[in-house]
Amino acid sequence: MAPISIRAVLISESVDPRCRAILEENGIRVTEKTSMKKDELIAEIKDYDGLVVRSATKVTADVINAANNLKIIGRAGTGVDNVDVDAATKKGIIVMNTPSGNTISAAELTCALLMSLSRNVPQAAMSMKQGNWDRKKFMGAELFGKVLGIVGLGRIGKEVASRMQSFGMKTIGYDPITPPEVSASWGVEQMSLEQLWPQCDYITVHTPLMPSTVGLLNDETFAKCKKGVKVVNCARGGIIDEAALLRALESGQCGGAGLDVFVEEPPKDRSLVDHPNVISCPHLGASTKEAQARCGEDIALQIVDMVKGKKLVGAVSHAQCLVQGCQTHSSSGATFSPI
Ligand SMILES: NC(=O)C1=CN([C@@H]2O[C@H](COP(=O)(O)OP(=O)(O)OC[C@H]3O[C@@H](n4cnc5c(N)ncnc54)[C@H](O)[C@@H]3O)[C@@H](O)[C@H]2O)C=CC1
Ligand SMILES: O=C(O)C(=O)COP(=O)(O)O
């Protein structure tokens, strides 16, 4: 691949300092400006060759079209739903991410939410802080012997499965791309969603956000679930329809939800966050020292590889992934948009 000249990179979110250090060691000028509003980003982006973001920066078509020199948008993390990949591709801008860097952290938070849901840990802790000692109110249920449905058997889904199997959960799942014999080798029996919904005591979603995954859990699918099913969304807001979830919580069809992500972040409508059977986090799936170190370092190294014209091992076209309906797994762990 021909080398790409990158002289100046804008980092628009809190990214591990190793990212800046690696870029600067390679002669790239770095500016860090966080918490910019959309018009500030549009004004700022004009002269940069590269932009490094996490999930909060919305790299919309107007931002992309305002950039005169932009060649690379680097997502220090997995989901690229905050980047208009089509608009970038039309301008010949490469979009790349670092998906394997935060897999374990996102999987561990998912497991923490599953365990918190089963034993009411956050609610009990809050009650203790309020001076109470209420043992009856927080009666829980064992995870042992319960059925966990995993929708999306990619990197994170797989890691969640192995961890929850160690608690004695039966893991079933669905993925349109991962072959059933592959997931069977990690102890996950695949089946259609129609077969999956009524069997689960817990459901966790681990798909990218895209048109085919918006509202995977909705009024109709909640109605097919066991009464009292508990759900976790550590993937993206909207994969579980928020209004349908609230209705299901109110009717008791859903017995509890663990939410790390929201359609709007932070959510202005607090009805879900405030619901007594909801435990929530402010999008913390990738917020560990280890994940941030990996993602910050990986994105910088990937940008440097592009500058040096290195062949991108296992690079795939993101557009192709979207057509296939998934983020393809590449051997390098990274996904790229076409140039
Ligand atoms: N809360 C957080 O901080 C984090 C959230 N994430 C989110 O988690 C998502 C998943 O991450 P990875 O596991 O690394 O991605 P991945 O690409 O390894 O796995 C996603 C899987 O979803 C499957 N899939 C696509 N459409 C589907 C459908 N309709 N039904 C069922 N499965 C479907 C794909 O075939 C693929 O196997 C990311 O796209 C991102 O949005 C990722 C990291 C941290
Ligand atoms: O990597 C992902 O997809 C995430 O959701 C993590 O987002 P963040 O980098 O923490 O803003």
Side-chain angles (χ1 to χ4, degrees), residues 11-16 19 34 52-58 74-83 96-110 112-113 149-161 172-180 182-183 186 188 190-194 196-197 203-217 221 232-240 258-262 265-266 280-289 291-296 298-299 316 318 321-330 333-335:
I11 301 180
S12 67
E13 288 184 63
S14 165
V15 171
D16 190 89
C19 177
T34 57
V52 172
V53 300
R54 286 175 59 187
S55 62
T57 308
K58 306 301 168 211
R75 196 316 191 193
T78 306
V80 287
D81 46 281
N82 54 321
V83 178
M96 54 185 175
N97 62 349
T98 63
S100 50
N102 58 28
T103 303
I104 300 294
S105 292
E108 287 183 356
L109 184 69
T110 304
L113 290 172
I150 306 175
V151 181
L153 296 164
R155 297 177 186 85
I156 299 170
K158 177 185 176 193
E159 298 301 330
V160 169
I172 61 176
Y174 168 74
D175 192 298
I177 305 287
T178 302
V182 170
S183 60
W186 2 291
V188 181
Q190 273 202 61
M191 57 192 66
S192 70
L193 288 174
E194 290 302 302
L196 179 138
W197 303 128
I203 296 170
T204 182
V205 294
H206 298 288
T207 70
L209 179 70
M210 49 193 184
S212 57
T213 62
V214 171
L216 259 177
L217 266 162
T221 46
V232 169
N233 187 356
C234 221
R236 277 296 176 275
I239 297 172
I240 301 180
L259 305 175
D260 184 45
V261 286
F262 297 85
E265 294 183 356
S280 59
C281 296
H283 201 147
L284 294 181
S287 293
T288 62
K289 285 181 278 191
Q292 287 312 309
R294 286 186 212 108
C295 291
D298 284 357
I299 201 66
V316 294
H318 188 73
C321 304
L322 294 176
V323 170
Q324 288 177 348
C326 76
Q327 284 176 290
T328 306
H329 304 200
S330 72
T335 50

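Counting convention: from 1, in listed order, for ligands and their atoms alike. Note that the structure is predicted; figures quoted are calculated from it, not measured.
- With ligand atoms numbered from 1 in the order given, ligand 1 contributes 1 (N), 2 (C), 3 (O) to contacts under 4.0 Å with heavy atoms of His283.
- Residue-ligand proximity, Val151 to ligand 1, at heavy-atom distances under 4.0 Å covers atoms 31 (C).
- Every atom of ligand 2 with a heavy atom of Arg236 under 4.0 Å away is listed here by number and element: 2 (C), 3 (O), 4 (C), 5 (O).
- Polar contact with ligand 1: present for Asp260 (N/O pair, distance under 3.5 Å).
- Closest heavy-atom approach to atom 32 (N) of ligand 1 among the candidates Pro176, Gly77, Ser183: Pro176.
- Remark: among candidates Gly154, Gly285, Gly101, Pro208, the nearest residue to atom 22 (O) of ligand 1 is Pro208, based on non-hydrogen atoms.
- The backbone N or O of Ser14 sits less than 3.5 Å from a side-chain atom of Arg54, completing a donor-acceptor pair.
- Looking at Asp81, its side chain never comes within 3.5 Å of a backbone N or O of Leu209 through a donor-acceptor pair.
- Residue contacts with ligand 2 for Asn102 involve side-chain atoms from C-beta outward but no N, CA, C or O (heavy atoms, distance under 4.0 Å).
- The protein non-hydrogen atom at the shortest distance from atom 2 (C) of ligand 2 is Arg75 NH2, 3.1 Å.
- Ranking protein heavy atoms by distance to atom 11 (O) of ligand 2, first place goes to Ser55 OG, 2.5 Å.
- No donor-acceptor distance shorter than 3.5 angstrom exists from the side chain of Thr207 to the backbone of Val151, with no hydrogens or angles considered.
- Residue Asp175 holds the heavy atom nearest to atom 37 (O) of ligand 1 of all those in Leu193, Val261, Ile177, Asp175.
- Between Ala106 and Cys234, the shortest heavy-atom contact is O-SG, 4.1 Å.
- Ligand 2 has no N or O atom lying under 3.5 Å from any N or O atom of Ala286, backbone or side chain.
- Distances from atom 10 (O) of ligand 2 to the heavy atoms of Arg54, Gln292, Glu13 show the closest one on Arg54.
- Using a 4.5 Å cut-off on side-chain heavy atoms (C-beta onward), Ile239 and Leu217 make no contact.
- Taking SG of Cys19 as the start and CD of Gln292 as the end, the distance is 10.5 Å to the nearest 0.5 Å.
- Checked by atom type and distance alone, the side chain of Arg75 pairs as donor or acceptor with a backbone atom of Gly79 at under 3.5 Å.
- Of the heavy atoms in Thr178, only side-chain atoms (C-beta onward) come closer than 4.0 Å to ligand 1.
- Close approach to Gly79 involves these atoms of ligand 2, each under 4.0 Å from a residue heavy atom: 1 (O), 2 (C), 3 (O).
- The minimum heavy-atom distance linking Asp175 with Leu153 is given by the pair OD2-N, 2.6 Å.
- Looking at Leu153 against ligand 1, only its backbone comes within 4.0 Å, counting heavy atoms.
- The proximity of Ile156 to ligand 1, defined as any non-hydrogen pair under 4.0 Å, involves the side chain as well as the backbone.
- Against a heavy-atom cut-off of under 4.0 Å, Met210 is close to the following atoms of ligand 1: 25 (C), 26 (N).
- Inter-residue side-chain proximity for Gln190 and Thr178 is flagged as met; some heavy-atom pair is nearer than 4.5 Å.
- Side chain of Thr103 to backbone of Ser100: a donor-acceptor contact under 3.5 angstrom is found.
- When side chains are defined from C-beta on, Ile150 counts as touching His206, because their heavy atoms get closer than 4.5 Å.
- Of the polar atoms of Arg155, at least one N or O is found under 3.5 Å from an N or O of ligand 1, judged by distance alone.
- Proximity to Tyr174 (heavy-atom distance under 4.0 Å) selects the following atoms of ligand 1: 30 (N), 31 (C), 32 (N).
- If you number the atoms of ligand 1 from 1 as listed, the ones under 4.0 Å from a heavy atom of Arg236 come out as 5 (C), 6 (N), 7 (C), 40 (C), 41 (O).
- Inspection of the Thr110 and Thr204 side chains reveals no N or O donor paired with an N or O acceptor under 3.5 Å.
- Checked by atom type and distance alone, the side chain of Asn82 pairs as donor or acceptor with a backbone atom of Thr57 at under 3.5 Å.
- Polar contact with ligand 2: absent for Ser287 (N/O pair, distance under 3.5 Å).
- For a threshold of 3.5 Å applied to N or O pairs, the pair formed by Ala286 and ligand 1 contains at least one separation below that value.
- Using a 4.0 Å heavy-atom cutoff, Leu209 is absent from the residues neighbouring ligand 1.
- Near Gly77, meaning under 4.0 Å from one of its heavy atoms, ligand 2 places the atoms 1 (O).
- Closest non-hydrogen pair, Phe262 versus Cys281, comes out as CE1-O, 3.7 Å.
- Here the heavy atom of the protein found nearest to atom 1 (O) of ligand 2 is Thr78 N, 2.6 Å.
- At least one N or O atom of Cys234, backbone or side chain, sits closer than 3.5 Å to an N or O atom of ligand 1.
- Checked by atom type and distance alone, the side chain of Asn97 pairs as donor or acceptor with a backbone atom of Thr78 at under 3.5 Å.
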